[in-house]
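First the structure, in the form of structure tokens, and then the observations on it.
Just so you know, these numbers come straight off a predicted model, no measurement behind them.
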Amino acid sequence: MAKKHEIGLEEIKGIRIGQAENTVAGTGCTVFLSDHGMAAGMDVRGGGPASRESELLNPLAAAQVIHGIVLAGGSAFGLNAADGVMQYLEERGIGFDVGLPIKVPLVCQSDLFDLTVGNPYVRPDKEMGYAACVNSENGGNYRDGNYGAGCGATVGKFAGMEYCMKSGIGSYAVQIGELQIAAVVAVNALGDIFDWKTGEKIAGLLKEDRRTFRDTEEMMCADTRAVENKFTGNTTIGVVITNAEFDKARLCKIAGMVHDGYARSIRPVHTSADGDSIYAVSVGNVSADMDLTGSVAAEVMSEAIIRAVKSAKSAYGFPAAEDL
């Protein structure tokens with residue numbers, strides 16, 4: 001009987017990951033590249049996503065593979081980072097063959113809102129996207145914490161930025177027999193973050209002392225009147241990677257199942273003020289059951305959320321979990 005065990009993110013082949021950030025401005029991006037193309041699906045549950053080319057991942061769309069995914073800050077402004085990824089891939093002849101001397105790279109992107117953290121006038125752009133691609137070479141430069149799309153990530157924002165906490169980007173990967181499953185997630189939630197195994201709150205909305213927690217859901221229940229503007233943008237964005245062979249439709253289903261990982265770890269989740277999105281990509285040809293893969297991937301995502309919070313360092317005046 002095959003046993004599940006943790007592996008390094010770098011053990012999953014067929015995909016490159018690179019990051020770039022502006023630590024002064026508090027924003028960055030993380031790119032996932034596949035030189036030969038990767039089957040991909042997507043599921044969006046939040047009410048306010050900032051995205052690019054997401055319709056490519058509709059099972060009814062013609063394209064069966066994409067060549068890049070970008071997770072970034074900057075809200076809708078940061079969607080320009082994909083232009084740099086497009087340039088990088090075009091220069092290397094990677095993309096969809098359209099019968100011309102050039103190929104068209106297919107690049108999808110999702111952004112989180114970090115404009116209230118550092119300098120709102122500095123966002124991920126074409127240059128940053130290109131730099132992240134260069135950084136993906138020779139094993140990549142991926143790190144958990146205040147890097148890439150996690151540079152300006154925060155959580156617990158229902159009472160305003162004064163009482164939120166610093167979060168970041170996190171990863172986790174496992175192997176069962178030949179099957180490998182990994183998750184990378186930038187955690188920038190309106191809600192509180194919990195250890196999915198113990199139920200312990202590990203980050204979120206702070207009290208006035210900025211050392212102890214308040215409960216976001218309890219605070220929301222204190223006044224049932226509609227709140228038209230929840231003052232910040234949020235969004236938890238993640239990518240699940242597997243070496244199992246699935247087509248786009250099955251990957252969309254897996255991405256939907258992985259939202260269970262969000263729900264176990266973030267409360268409240270999938271609100272109108274979040275743009276919670278998950279990509280699922282296949283970079284191998286291992287035969288595996290879709291339901292098993294989706295169920296395990298949801299757990300892997302929950303572990304990646306813990307890593308995102310616990311690896312974050314205090315910055316921009318926001319305390320991190322390690323400071324409490």
Side-chain angles (χ1 to χ4, degrees), residues 21 23-28 46-48 50 73-75 111-122 144-147 149-170 185-196 198-237 262-276 302 305-324:
E21 59 279 322
T23 55
V24 175
T27 194
S75 189
D111 285 358
L112 54 82
F113 188 103
D114 55 12
L115 301 179
T116 52
V117 171
N119 184 343
Y121 299 102
V122 177
D144 291 344
N146 299 18
Y147 303 100
C151 182
T154 52
V155 296
K157 290 171 276 191
F158 187 75
M161 297 300 290
E162 183 179 358
Y163 301 109
C164 75
M165 290 180 61
K166 186 70 182 74
S167 180
I169 194 167
V185 61
V187 181
N188 190 62
L190 174 73
D192 303 324
I193 312 301
F194 297 82
D195 184 319
W196 70 285
T198 66
E200 175 192 6
K201 184 181 294 187
I202 57 176
L205 176 60
L206 296 172
K207 293 181 179 178
E208 284 77 1
D209 62 7
R210 303 186 77 210
R211 302 292 300 175
T212 53
F213 293 123
R214 283 182 280 184
D215 187 286
T216 296
E217 289 184 323
E218 285 185 5
M219 192 170 181
M220 293 175 74
C221 289
D223 189 344
T224 59
R225 291 175 295 180
V227 179
E228 297 301 328
N229 182 2
K230 293 187 172 67
F231 57 79
T232 62
N234 304 288
T235 301
T236 298
I237 47 179
Y262 280 15
R264 291 184 186 122
S265 303
I266 305 170
R267 296 202 297 269
V269 71
H270 302 145
T271 73
S272 63
D274 291 290
D276 298 330
S302 286
I305 289 172
I306 293 174
R307 297 282 182 92
V309 167
K310 291 192 173 182
S311 62
K313 303 294 183 183
S314 60
Y316 316 107
F318 307 121
E322 68 177 15
D323 302 315
L324 300 187

Nearest-0.5 Å distance, [atom1] of residue [X] to [atom2] of residue [Y]:
X	Y	atom1	atom2	result
I306	I193	CD1	CD1	10.0 Å
C151	K166	SG	NZ	6.5 Å
S167	N146	OG	CG	8.5 Å
I202	D192	CD1	CG	10.5 Å
I266	L190	CD1	CG	10.5 Å
I305	I169	CD1	CD1	12.0 Å

If you compare all heavy atoms of [X] against all heavy atoms of [Y], which two are closest, and at what distance to 0.1 Å?
X	Y	result
T235	G48	OG1-O, 4.1 Å
P319	C164	CD-O, 3.9 Å
G168	A153	N-CB, 3.9 Å
F194	G199	CD2-O, 3.4 Å
A321	V309	CB-CG1, 3.8 Å
A186	G150	CB-N, 4.4 Å

Checklist entry - More than 12 heavy atoms of other residues, nucleotides or ligands under 6.0 Å from CD of E217: is that the case? => result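 It does: E217 CD has more than 12 such atoms within range.
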Pairing residues for [X] by the side-chain contact (heavy atoms from CB on, under 4.5 Å) criterion, not counting sequence neighbours:
X	value
Y147	Q19, E21, R143
F213	M165, K201, L206, L324
R214	A159, Y163, L205, K207, E208, M219
P120	L115

Checklist entry - D144: what forms a salt bridge (charged side-chain N to carboxylate O under 4.0 Å, His left out) with it, not counting sequence neighbours? => result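 D144 satisfies salt bridge (charged side-chain N to carboxylate O under 4.0 Å, His left out) with no other residue.
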Next on the checklist: Just to verify, what does D274 make a salt bridge (charged side-chain N to carboxylate O under 4.0 Å, His left out) with, not counting sequence neighbours?
Outcome noted: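 For D274 there are no salt bridge (charged side-chain N to carboxylate O under 4.0 Å, His left out) partners, ignoring immediate neighbours.
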Identify, with sequence neighbours excluded, every residue that meets side chain to side chain donor-acceptor pair (under 3.5 Å) alongside [X].
X	answer
S265	S302
T212	D209
T236	none

Next on the checklist: Closer than 3.5 angstrom, by distance alone: can the side chain of D276 be matched with the main-chain N or O of H270 as a donor-acceptor pair?
Outcome noted: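 Here the side-chain-to-backbone pair exists.
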Item to check | Donor-acceptor contact below 3.5 Å, side chain R210 vs main chain E162 | outcome: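 Yes, because the side chain of R210 sits within donor-acceptor range (under 3.5 Å) of the backbone of E162.
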Checklist entry - Are the side chains of N119 and V24 in touch, meaning some heavy atoms are under 4.5 Å apart? => result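 No, too far: nothing below the 4.5 Å cut-off.
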Checklist entry - So do M161 and V117 actually touch side chain to side chain, heavy atoms under 4.5 Å? => result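 V117 reaches M161 side chain to side chain.
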Item to check | Qualifying salt bridge (charged side-chain N to carboxylate O under 4.0 Å, His left out) pairs with a residue from residues 314-324, counting only residues at least two apart or across chains | outcome: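 The answer is K313-E322.
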Next on the checklist: Taking ring pair (Phe, Tyr, Trp, His ring centres under 6.0 Å) as the definition, give me every residue that meets it alongside Y262, ordered by chain and number, with sequence neighbours left out.
Outcome noted: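 Testing Y262 for ring pair (Phe, Tyr, Trp, His ring centres under 6.0 Å), a comparison that skips the adjacent residues, returns H259.
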Checklist entry - Going by distance alone, is a donor N or O of one side chain under 3.5 Å from an acceptor N or O of the other, for T27 and D114? => result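 Judged by distance alone, the side chains do pair up.
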Item to check | Side-chain H-bond candidate by donor/acceptor type, S75 with D111, under 3.5 Å | outcome: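 Per modelled atom types, S75 and D111 side chains form no pair under 3.5 Å.
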